[in-house]
> 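The structure that follows is given in the form of structure tokens.
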2 protein chains.
Amino acid sequence: MDNMKTGELARRAGVNVETLRFYERKGLLPEPPRRESGYREYPEESVRLIRFIKRAQEVGFSLGEVRELLTLRVEPGTSCTEVRRRAEQKVEDVRQKIADLKKIERALTKLAGTCTGRGPVSDCPILESLDGELALSEGSTGRRKAT
Amino acid sequence: MDNMKTGELARRAGVNVETLRFYERKGLLPEPPRRESGYREYPEESVRLIRFIKRAQEVGFSLGEVRELLTLRVEPGTSCTEVRRRAEQKVEDVRQKIADLKKIERALTKLAGTCTGRGPVSDCPILESLDGELALSEGSTGRRKAT
DNA sequence: CTAAGACCCGTACTATGGTACGGAGTCAAG
DNA sequence: CTTGACTCCGTACCATAGTACGGGTCTTAG
């Protein structure tokens, strides 16, 4: 089964049909072949593509950045060196995100663990346990957004 | 030095002055005391708070979600049990994000590593190496967004 | 004392990431 | 061969997350 119409792709990927058209306009979803009627016919792999876009978004990439990730794999005419350089840059971004998330995770775990689970919040040691950790311990002041 | 005005806080936290007012309106930044003139006077910790908001955003939390994270620590009148439950839920969200990022990281690393660094993209094994991994190996079909 | 610069506020504008609408053509089951 | 569901397209609308504007007040260095 290698020809889905918009409705099926949308359903399988868990997005709205309009979203598919939107992604197509934005250059994230390649224009699929059409049948004579004008109906789009998507290949199977489109499902994975859409899901990838969604996941990347959930971890903080804008659609523009997602497109950059995707074009790493298909942009012809770019030298391999260049693609490699950009991929390595992206890996750095991703590692930074992971590091930040781990700090948030630690703070939240501490919070959930310290709390005894009874009594009003004002008595709960949660407040103090969170402070300090939640601010991500400063550390990296300044050199963000050097993308 | 425990009384910053908007300008200094903005500068130190790396955001626009307008953004501070915006966060205040949205309930992310607590209203600071004012001097008689009406000027805001922020405590030192506001810098960390703003930076936390920014980092949380970068890893995919909306301002609404960031507020939820923050109110975990200050909302009085909520039972500790409830706060704990919500914190545990957030930890789950965070772990999912980390897992997704790690998949993206693996795909990108593989990509950067496989590529020899010379020649046009069409000859580069990058394209194939990326496929399969980039789709985040499906796996978790369906039960997302059950927040 | 005064003028540049910071701050106040409300309001308007912008970009991003979709969603919804509605009229027209298409498909497929009965 | 019709009818209801699906698709097409352009355009309009929406929420989120800011950013800019502009007239007025406050502060502070000279």
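Just the heavy atoms: all of them, side chains too, but no hydrogens, waters or symmetry mates, feed the values below. Chain A is the first sequence line, chain B the second, and so forth, proteins listed ahead of strands; every chain is numbered from 1.
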> Does the side chain of B:N16 get closer than 4.0 angstrom to OP1 or OP2 of D:dA17 through an N or O atom?
no

> Under 4.5 Å between any side-chain heavy atoms of A:K5 and A:R35, yes or no?
yes

> Does A:Y39 belong to the same Ile/Leu/Val/Met/Phe/Trp/Tyr cluster as A:V17, with side-chain heavy atoms less than 4.5 Å apart forming each link?
no

> Within the 4.0 Å heavy-atom criterion, would you say B:R11 contacts the bases, only the backbone, or no part of the nucleic acid?
nothing

> Would you please confirm or rule out a distance under 4.0 Å between OP1 or OP2 of D:dT16 and any side-chain N or O of B:Q57?
no

> Rounded to whole angstroms, how far apart are CZ on A:F22 and P on D:dC8?
17 Å

> Does a side-chain heavy-atom distance below 4.5 Å link A:F22 with A:L29?
no

> Mind checking if B:R34 touches a base, just sugar-phosphate, or nothing, with heavy atoms under 4.0 Å?
sugar-phosphate

> A:F61 ring centre to A:K90 NZ or CZ under 6.0 Å, with the angle to the axis within 45°?
no

> Hey, does B:R21 reach any base, or is it just sugar-phosphate, or nothing, if we go heavy atoms under 4.0 Å?
base

> Considering only side-chain heavy atoms of A:Y39, which listed nucleotide, D:dC6, D:dC26, D:dT28, is closest?
D:dC6

> Within the 4.0 Å heavy-atom criterion, would you say B:K5 contacts the bases, only the backbone, or no part of the nucleic acid?
sugar-phosphate

> Check for me, please, whether A:L49 and A:V15 land in the same ILVMFWY cluster - side-chain distances under 4.5 Å, paths through other members count.
yes

> Could you tell me how far apart B:R40 (CZ) and D:dC26 (C1') are, to the nearest whole angstrom?
14 Å

> What is the 5' to 3' range of DNA chain C, first to last nucleotide, that sits under 4.0 Å from any heavy atom of chain A?
C:dG17 to C:dC27

> With a cut-off of less than 4.0 Å, is there a side-chain N or O of A:T6 near OP1 or OP2 of D:dC8?
yes

> Whole Å only: how far is the CD atom of B:E24 from the C1' atom of D:dA17?
16 Å

